[in-house]
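Naming convention: chains lettered A, B, ... in sequence-line order (proteins, then strands); numbering from 1 in each chain. The figures that follow rest on heavy atoms only: side chains count, while hydrogens, waters and symmetry mates do not.
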Amino acid sequence: MDFEPYEAAYPPRQLPPGALVTRIGPSPTGKAHVGTALQAVINRALADGSGGAFLLRIEDTDRERFVEGAVEDLLAALDWLGIRPDESVACGGKYGPYVQSERLPIYQAAARRLVESGHAYYCFCTPERLESVRLAQQAAGKPTMYDRHCRNLGSEQVEARLASGEKAVVRLKVPDDTEIAFDDLVRGRIAFESQTIDDGVLLKSDGFPTYHLAVVVDDHLMRVSQIIRGEEWIPSTPKHVLLYQYFGWAMPRIAHTPILRDMSRRKLSKRSGDTSITGYRVQGYLPEGLRNFLTRIVWPHPEGKDVYDHAEFVRLFKPEDLPNTGPIVDPQLLDFINGQYLRRLSPEPLYTATVDYLQFLLDLDQDITFESYHPAAPIKHTLTRSELEAFYGAFSADPAYSERVLMLEPERYKRLSDIVLNTGFFFGALFRPVDPKLLAKPLGSAEQVEALLDEYLKLYQPDVPQAEWEQSVRDLAHQAGVKDGKLFMTLRIAITGREQTPPLFEVLTILGGDEVQRRLELAAAMPVSS
RNA sequence: GCCCCCAUCGUCUAGAGGCCCAGGACACCUCCCUUUCACGGAGGCGACACCGGUUCGAAUCCGGUUGGGGGUACCA
C-alpha cells in the first residue's frame, strides 16, 4: 500500500494559532518511570498553556522487551498524578491508533516510500556478520558503525532475494560529507558530521519499525508540533532530521530536557532505587507534591519559588527556560515540597487522602518498607501487611476522631506515610504497654517513676483547663523535687509510649479521660525492673 | 575508542561585561520560642573546575585542559 492515503486520513489539525500539539511516547518495558512523569507534566503544561493538545502514544516496537501489564501501570500512574492526555490508548482520538504495534502497515508503507525514493535500502546482513564487523572495528579502535555492505546492491538482486523470502531490514541512507544540524530550543544549534552517523535500521526484519522511523512518521501523522523529550535522544536526532528531509515534512520544534540523575549523579535507573512513579506513591508522596518537585528541579521559577501549583507552572513555563544541566533527584527537597502540600490540607481532605493511601497500600497486599533520606544510609521502617491492616481499621473506624488527630499534625509530616508511622498511639486498639526502660529514662529511677505516677493518678482529673492541668503537673514536680520537664516527659511516655509527640495537653484532650487513666494505670503497674 | 551535551554553594539555581570580594531556596549548624517533636523567628556555614586569551574591566565572551553525563543495537 502507498503512503499517501495516510496523509489524507490524518489531516492537519484545526487549532488556534500558536496552539502546540505535544506528546509523550513511553515504551511498555517495565514500571512507569519518574522521568516519564516529568515529560508528561511538561508536555501537558505546554499543551494547556497554548490551547493545544497532548497525546500519549505507546511505543511498543520492541517485542522482546515488552512487559505484560506495563501499559496498565503507566495509565494508572499518570491517572494518579492527575495527568490526562487528550488522546491515548485509553480515551482514543482521531489520530489513532495510539499504539505503535497497531500501526505497522503505516511504517511499512513509509519505509517502502523511502526505498523507492532512494533514501533507504534493504540490507540482508545477518546479526552474526554485523557482530563480527563491530568486533573488528572495535579492535581497530574505529567507531562501530554499519559498513554499508548492502548499500549498493542492484535492484534486481534485491527483488530476487526478497522474493525468495530472505530476511531483510531497511536502512537509512546517510549522505557523505554533509553537516546535519537542528535547532534545540534550549541548547541552540547542534550539528553532526554525517560521517559519524550510522546507516541505522528503520524497519526490522520482523516488520516492526525502529524508534527512529516510528517517531518521525507518527509525530508527523499525529500532527505533533512540539517535541520535548529527554537528552538521551540528542545523538539520534540527526537520523530524524534526515527522515523529515527525505519525507519532505516540516520538522516540529524540538527541545531536550536534561535527564534525571540520582544522588551519585548517574542516570536515574532501577539500580539506584525505586524510580517508578508508583514507588513514590507507596512512600506517601502526594501527586501534586511529586509533580511540583519534578518541575522544580528542571525549571527555575522566576521569583525563585519552590512551591507553585500546576496552573502557575502552565502560565509561566517556557521550554527555553529549561536548564541544560542534569538535575539530581534530591529526596530532601522532595520531602520539603511534599510537606508543604500536606500541611495545606485541612483535616477532611487529609483524612480522605490518608484513607485512600492506606487502601492503596493494602491492595498491594504485601509488607511495606518506608524509607527516608539520611546522609549515611536510608532510614527504613517496615510495616507488615497485618500491621497496616490494623492501622487502617483503627484509623477509619471513627473519621471524626481521626480528623481531630490530624488537626494537630500536618506541619509535623512530610509524607502520608509519616501519619501511618506516627499516629498509632492515638488509637486505643493500637496502643501497647510502654517499654519500662523508656519510661524510666527521664527520671532514671524506676521507683521514682512508679511513685510519681501513683501520685499523679491520685490527683488526676480529666477535662480540666490547660493552665490548671499544667500547674498541677508543675506543683507535683516541685513537691517531688524533680524538674518539670522530666515529669512532663515521663507522663508523655506513659501515655503515648514515645518521646516525641504533639503537645501533651492536646493529646490528652483527644484521647479522653478514660483512655488516659487506663494508660496511666498500665504504666504505674509496670514491674519495677532494677 | 568515536560522537554529542554540560560545568556557580552538598543540592536546585539567580546572574545574559562593571549593580557580584556572587543573590535565593532546600539541606546543615547556632540561637530564640518551648513540657518533647514539629512549626515559626533571627543568625551562620557554604560556590564562579583549571589554564590561557579578548577587554580599562569577566562568573558572564573566545580557545584549550580537566571533570561529569549521554549516545554508540534489527532497545526505546
Query raised in the report: What does B:U72 pair with, Watson-Crick or G-U, if both distances are under 3.5 Å?
Result: B:G1
Report summary line: The complete set of side-chain hydrogen bond (donor to acceptor under 3.5 Å, both in side chains) pairs with one or both residues in residues 490-505 of chain A, sequence neighbours excluded, reads A:Asn422-A:Arg498, A:Lys441-A:Glu499, A:Arg492-A:Thr501
Requested in this report: Indicate, with a heavy-atom threshold strictly under 4.0 Å, whether A:Thr325 touches base, sugar-phosphate, or nothing.
Outcome: sugar-phosphate
Please produce a list of atom pairs where a protein N or O lies less than 3.5 Å from an N or O of nucleotides 1-5 of chain B.
| unit_1 | atom_1 | unit_2 | atom_2 | d |
| --- | --- | --- | --- | --- |
| B:G1 | O2' | A:Gly141 | O | 2.9 |
| B:C5 | O2' | A:Arg187 | NH1 | 2.5 |
| B:C5 | O2' | A:Glu231 | OE2 | 3.3 |

Requested in this report: Please determine, for B:A27, whether a Watson-Crick or G-U wobble partner exists with both distances under 3.5 Å, and give it or none.
Outcome: none
**Report entry** A:Arg65 side chain near B:C74 phosphate (N/O to OP1/OP2, under 4.0 Å)
**Finding:** no
Query raised in the report: How long is the line joining CZ of A:Phe293 and P of B:A27, in whole Å?
Result: 13 Å
Report task. Measure from CZ on A:Phe336 to C1' on B:G24 and round the result to the nearest Å. Result -> 12 Å
**Report entry** Any A:Lys204 side-chain nitrogen or oxygen under 4.0 Å from OP1 or OP2 of B:C75
**Finding:** yes
Query - Partner nucleotide, any strand, of B:C61 [Watson-Crick/G-U, under 3.5 Å] - result: B:G53
**Report entry** A:His374 side-chain N/O to A:Ile379 backbone N/O, donor-acceptor pair under 3.5 Å
**Finding:** no
Report task. Taking side-chain contact (heavy atoms from CB on, under 4.5 Å) as the test, write out the residues that go with A:Ser132, two or more places apart. Result -> none
Report task. For B:A22 and B:A49, measure between their P atoms and round to the nearest Å. Result -> 15 Å
Report summary line: With sequence neighbours left out, the residues meeting side-chain contact (heavy atoms from CB on, under 4.5 Å) with A:Gln340 are A:Val307, A:Phe336, A:Arg343
Query raised in the report: OP1 or OP2 of B:A76 less than 4.0 angstrom from a side-chain nitrogen or oxygen of A:Ser236, does that happen here?
Result: no
Query raised in the report: Between A:Ile259 and A:Val298, who's closer to the 5' end of RNA chain B by nearest nucleotide?
Result: A:Val298
Query raised in the report: If you measure from the P atom in B:U8 to the same atom in B:C48, how many Å do you get, rounded?
Result: 11 Å
Query raised in the report: Starting at the 5' end of RNA chain B and moving along, which residue's nearest nucleotide shows up first, A:Pro258 or A:Glu303?
Result: A:Pro258
Query raised in the report: Should B:C37 form a Watson-Crick or G-U wobble pair with both distances under 3.5 Å, which nucleotide is its partner?
Result: none
Query - side chain to side chain donor-acceptor pair (under 3.5 Å) against A:Arg229, all qualifying residues, sequence neighbours excluded - result: A:Tyr211, A:Thr237, A:His240
Report task. Hey, could you give me each pair passing salt bridge (charged side-chain N to carboxylate O under 4.0 Å, His left out) that has a residue in residues 211-221 of chain A? Not counting sequence neighbours. Result -> A:Arg23-A:Asp219, A:Arg57-A:Asp218, A:Arg57-A:Asp219, A:Arg103-A:Asp218
Query raised in the report: Using a cut-off of 4.0 Å on non-hydrogen atoms, how would the nucleic acid contact of A:Thr237 be classed: base, sugar-phosphate, or nothing?
Result: nothing
**Report entry** Atom-to-atom span, NZ of A:Lys239 to P of B:A76 - whole angstrom
**Finding:** 12 Å
Report task. Start with the C-alpha gap between A:Arg189 and A:Glu179, add the side-chain angles, then the distance that decides, and say whether salt bridge (Lys or Arg N to Asp or Glu O under 4.0 Å) holds. Result -> CA-CA 12 Å; A:Arg189 185 181 145 90; A:Glu179 188 187 66; 2.2 Å; yes
Query - Rounded distance in Å - OH (A:Tyr308) to P (B:C12) - result: 15 Å
Detail all sub-3.5 Å separations between protein N/O atoms and N/O atoms belonging to nucleotides 61-64 of chain B.
none

Query raised in the report: Looking only at side chains, do A:Asp475 and A:Gln471 share a donor and an acceptor under 3.5 Å apart?
Result: yes
Query raised in the report: What integer number of Å spans the P atoms of B:A38 and B:C32?
Result: 15 Å
**Report entry** Pairing nucleotide - B:C21, Watson-Crick or G-U, each distance under 3.5 Å
**Finding:** none
Requested in this report: Using a heavy-atom cut-off of under 4.0 Å over every strand shown, decide if A:Tyr211 touches base, sugar-phosphate, or nothing.
Outcome: base
**Report entry** Between P of B:G10 and CG of A:Leu334, the distance in whole Å
**Finding:** 21 Å
Query raised in the report: If pairing requires Watson-Crick or G-U wobble contacts with both distances under 3.5 Å, which nucleotide is the partner of B:G67?
Result: B:C6
Give me the distances for all protein-to-nucleotides 35-39 of chain B N/O pairs that come in under 3.5 Å?
| unit_1 | atom_1 | unit_2 | atom_2 | d |
| --- | --- | --- | --- | --- |
| B:U35 | OP1 | A:Arg474 | NH2 | 2.8 |
| B:U35 | O2 | A:Arg492 | NH2 | 2.7 |
| B:U36 | O2' | A:Glu499 | O | 3.3 |
| B:U36 | N1 | A:Arg492 | NH2 | 3.3 |
| B:U36 | O2 | A:Glu499 | O | 3.3 |
| B:U36 | O2 | A:Thr501 | N | 3.0 |
| B:U36 | O2 | A:Thr501 | O | 3.1 |
| B:U36 | N3 | A:Arg492 | NH1 | 3.2 |
| B:U36 | N3 | A:Thr501 | O | 2.5 |
| B:U36 | O4 | A:Pro503 | N | 2.9 |
| B:C37 | O2 | A:Arg412 | NE | 2.6 |
| B:C37 | O2 | A:Arg412 | NH2 | 3.2 |
| B:C37 | N3 | A:Arg412 | NH2 | 2.6 |
| B:A38 | O2' | A:Glu411 | O | 2.4 |
| B:C39 | O3' | A:Arg343 | NH1 | 3.3 |

Query raised in the report: Can you tell me how far P of B:A27 sits from CZ of A:Arg296, to the nearest Å?
Result: 12 Å
Query raised in the report: Nearest-Å distance, NE2 (A:His374) to P (B:A27)?
Result: 15 Å
Query raised in the report: side-chain contact (heavy atoms from CB on, under 4.5 Å) with A:Leu135: which residues, sequence neighbours excluded?
Result: A:Glu131, A:Gln138
Requested in this report: Please find out if less than 6.0 Å separates the ring center of A:Trp299 from that of A:Phe293.
Outcome: no
Query - Check: A:Asp199/A:Tyr121 side-chain N/O donor and acceptor closer than 3.5 Å - result: yes
**Report entry** Selection: residues 164-179 of chain A, any non-hydrogen atom under 4.0 Å of RNA chain B
**Finding:** A:Val169, A:Arg171
Report summary line: Closest of B:G70, B:A14, B:A27 to the A:Glu232 side chain is B:G70
Query - Contact list for residues 478-489 of chain A, test side-chain hydrogen bond (donor to acceptor under 3.5 Å, both in side chains), sequence neighbours left out - result: A:Arg474-A:Asp484, A:His478-A:Asp484
Query raised in the report: How far does the C1' atom of B:A47 sit from the matching atom of B:C12, given to the nearest Å?
Result: 13 Å
Query raised in the report: With sequence neighbours left out, which residue pairs that include part of residues 318-335 of chain A fulfil the side-chain hydrogen bond (donor to acceptor under 3.5 Å, both in side chains) condition?
Result: A:Tyr285-A:Asp335
Report summary line: note: A:Leu333, atom CG; B:C28, atom P; distance rounded to Å ~ 12 Å
Query raised in the report: Is there a side-chain contact between A:Trp469 and A:Leu504 (heavy atoms, below 4.5 Å)?
Result: yes
Query raised in the report: Which of parallel (below 30°), tilted (30 to 60°) and perpendicular (above 60°) describes A:Phe313 and A:His310?
Result: tilted
Requested in this report: State, without any angle test, whether A:Thr257 and A:Gln39 hold a side-chain donor-acceptor pair at a distance under 3.5 Å.
Outcome: yes
